[in-house]
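Here's the structure we're looking at; comments come further down.
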Amino acid sequence: MASDTKDIKAVIFDMDGVILDSESISKKSWFMAGKDFDLPEEEILLAFEKSTGCNRLDTQLFFTRMFGEKIDYNIFHEKCSFYFDEIAAKNGIPLMKNAAEILQYLKPKYRIALASSTTADRVVPQLTAVNVIDFFEVLVTGDMVKHSKPNPEIYLKACAELGINPENCAAVEDSPNGITSAFSAGLNCIMVPDQIPADKQIKKTLWKECKDLGQLKSFL
């Protein structure tokens with residue numbers, strides 16, 4: 001854990017729920033798909049929360065453990081993607097509060113990277129659409145690792161591509177799975193909760209907790 005902000009050389013951001021206000025859209029699409037399969041809303045909510053931050057492979061593994069073979073995950077995933085894209089096409093995917101401002105503020109001071117469980121074919125156009133992709137020196141996406149969050153692989157890869165030790169990097173995350181990934185990789189964890197609040201166990205792993213991205217200015 002960094003003893004002082006001067007030890008931080010890079011800031012690595014999650015995308016969904018941190019840079020983009022996309023987790024709320026994902027949540028809606030999960031409920032819509034769940035309704036198509038007559039799944040109870042409380043079960044869909046649990047599945048959504050437990051897999052938030054995971055890549056497709058790990059989400060599928062969890063989904064299958066929870067629902068067994070009675071639900072074809074690939075069909076469920078296709079329905080979620082359809083509903084997500086339908087909502088996004090109609091309303092767009094907005095930036096999270098203060099996202100552009102904090103990237104502009106941090107860019108001259110730190111090296112900036114992205115570690116997102118979302119695949120590159122979605123990350124690149126989504127970040128391009130809101131004009132923030134050029135802030136990121138390194139992009140590590142869910143299709144570039146075997147197991148994404150909560151596994152530490154994605155953060156270790158991002159640090160390796162930056163050429164900076166994990167203890168000199170800060171990770172900005174919104175979900176417990178993301179925080180677990182970054183903490184296990186040895187980064188300094190900053191949580192800005194979106195859909196899922198930090199529980200007591202997660203709070204023990206945090207370097208900082210912020211109500212929104214604007215608060216990063218107070219210590220970075």
Side-chain angles (χ1 to χ4, degrees), residues 12-96 114-130 133 136 139-155 157-158 171 173-182 184 193-197:
I12 305 175
F13 287 87
D14 177 37
M15 183 181 77
D16 298 296
V18 175
I19 299 298
L20 297 180
D21 188 8
S22 47
E23 293 290 18
S24 58
I25 301 174
S26 292
K27 190 175 182 179
K28 288 178 184 177
S29 71
W30 273 64
F31 278 119
M32 293 168 76
K35 188 174 182 180
D36 290 343
F37 286 96
D38 294 320
L39 295 174
E41 287 193 354
E42 60 271 18
E43 292 186 14
I44 285 295
L45 179 60
L46 177 62
F48 172 78
E49 291 182 345
K50 292 295 185 182
S51 59
T52 294
C54 298
N55 65 3
R56 180 171 176 175
L57 173 61
D58 291 323
T59 298
Q60 181 172 2
L61 292 172
F62 176 82
F63 192 92
T64 302
R65 285 197 302 269
M66 184 168 179
F67 295 107
E69 300 299 329
K70 65 179 181 178
I71 304 295
D72 186 324
Y73 174 77
N74 290 318
I75 297 176
F76 181 85
H77 175 78
E78 288 174 5
K79 284 183 173 288
C80 284
S81 296
F82 172 80
Y83 290 131
F84 183 99
D85 291 342
E86 188 175 56
I87 296 169
K90 182 179 180 180
N91 303 316
I93 307 175
L95 285 164
M96 293 294 286
L114 189 89
S116 172
S117 293
T118 301
T119 54
D121 63 339
R122 285 182 170 266
V123 166
V124 173
Q126 288 176 8
L127 292 180
T128 301
V130 289
I133 194 165
F136 300 98
L139 297 175
V140 181
T141 56
D143 48 326
M144 296 171 66
V145 294
K146 182 176 181 180
H147 293 291
S148 191
K149 307 164 188 177
N151 187 288
E153 182 183 357
I154 195 166
Y155 273 105
K157 184 173 179 62
E173 280 282 355
D174 70 302
S175 71
N177 281 332
I179 291 295
T180 300
S181 172
S184 298
D194 180 28
Q195 298 296 313
I196 310 169

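The figures here come from the full heavy-atom set of this structure, side chains too, leaving out hydrogens, waters and symmetry mates.
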If you round to the nearest 0.5 Å, how far is CZ of Phe48 from CD1 of Ile196?
6.0 Å

Is there a donor-acceptor contact under 3.5 Å from the side chain of Asp58 to the main chain of His147?
no

Keeping the roles fixed (side chain from Ser181, backbone from Asn151), state whether a donor-acceptor pair exists under 3.5 Å.
yes

Go through it in stages, so that I can follow the logic: the residues are Lys28 and Ile87, the test is side chain to side chain contact (heavy atoms under 4.5 Å, CB included), and I'd like the CA-CA distance, side-chain angles, deciding distance and then a yes or no.
CA-CA 9 Å; Lys28 288 178 184 177; Ile87 296 169; 4.1 Å; yes

What is the minimum heavy-atom distance between Ala47 and Ser51, and which atoms define it?
O-OG, 2.7 Å

Give a yes or no answer on whether the side chain of Lys146 reaches the backbone of Glu153 with a donor-acceptor pair at less than 3.5 Å.
no

Note, His77 side chain near Thr59 side chain (heavy atom, < 4.5 Å):
no

Is the shortest heavy-atom distance from the side chain of Leu45 to the side chain of Glu49 under 4.5 Å?
yes

Start with the C-alpha distance between Phe84 and Ser22, add both sets of side-chain angles, then the distance that settles side chain to side chain contact (heavy atoms under 4.5 Å, CB included), and finish with yes or no.
CA-CA 9 Å; Phe84 183 99; Ser22 47; 4.1 Å; yes

Restricting to non-hydrogen atoms, name the atom on Ile154 and the atom on Ser148 that form the minimum distance, rounded to 0.1 Å.
CD1-OG, 3.6 Å

Does the ring center of Trp30 lie less than 6.0 Å from the ring center of Phe76?
yes

To the nearest 0.5 angstrom, please state how far the OG1 atom of Thr118 sits from the CG atom of Leu139.
12.0 Å

So does Glu41 have more than 12 non-hydrogen atoms from other groups sitting under 6.0 Å from CD?
no

As an exercise, state the distance from OG1 of Thr141 to CG of Asp121, rounded to the nearest 0.5 Å.
8.5 Å

Rounding to 0.5 Å, atoms NZ (Lys90) and CD1 (Ile25) come to a distance of 12.0 Å

Ile133 side chain reached by Val124 side chain, heavy atoms, under 4.5 Å:
yes

CG of Asp16 to CD1 of Ile93, rounded to nearest 0.5 Å, is 8.0 Å

Do Asp174 and Met96 come close enough that some side-chain heavy atom pair is under 4.5 Å?
no

Flag the pair Tyr73 / Phe67 as yes when at least one side-chain heavy-atom distance between them is below 4.5 Å, and no otherwise.
no

Heavy-atom side-chain contact between Phe37 and Ile44 under 4.5 Å:
no

Evaluate side chain to side chain contact (heavy atoms under 4.5 Å, CB included) for Leu127 paired with Leu114, printing each intermediate quantity in order.
CA-CA 11 Å; Leu127 292 180; Leu114 189 89; 3.9 Å; yes

Return yes if some donor-acceptor pair links the side-chain N/O of Thr64 with the main-chain N/O of Gln60 below 3.5 Å, else return no.
yes

Note: Ala171 and Ala182 closest approach over all heavy atoms is CB-CB, 3.5 Å

Provide the closest heavy-atom pair for Glu173 versus Ala115 in the form atom of the first, atom of the second, distance.
OE2-O, 4.5 Å

Test: Asp143 and Arg122 ion pair at under 4.0 Å
no

Would you check if Ile19 and Leu95 make a side-chain contact, meaning some heavy-atom pair closer than 4.5 Å?
yes

Taken to the nearest 0.5 Å, the spacing of Asp21 CG from Asn91 CG works out to 11.0 Å

Closest approach of Asp14 to Lys149 (non-hydrogen atoms, all atoms of both residues):
OD1-NZ, 2.9 Å

Does any non-hydrogen side-chain atom of Tyr83 lie less than 4.5 Å from one of Asp36?
yes

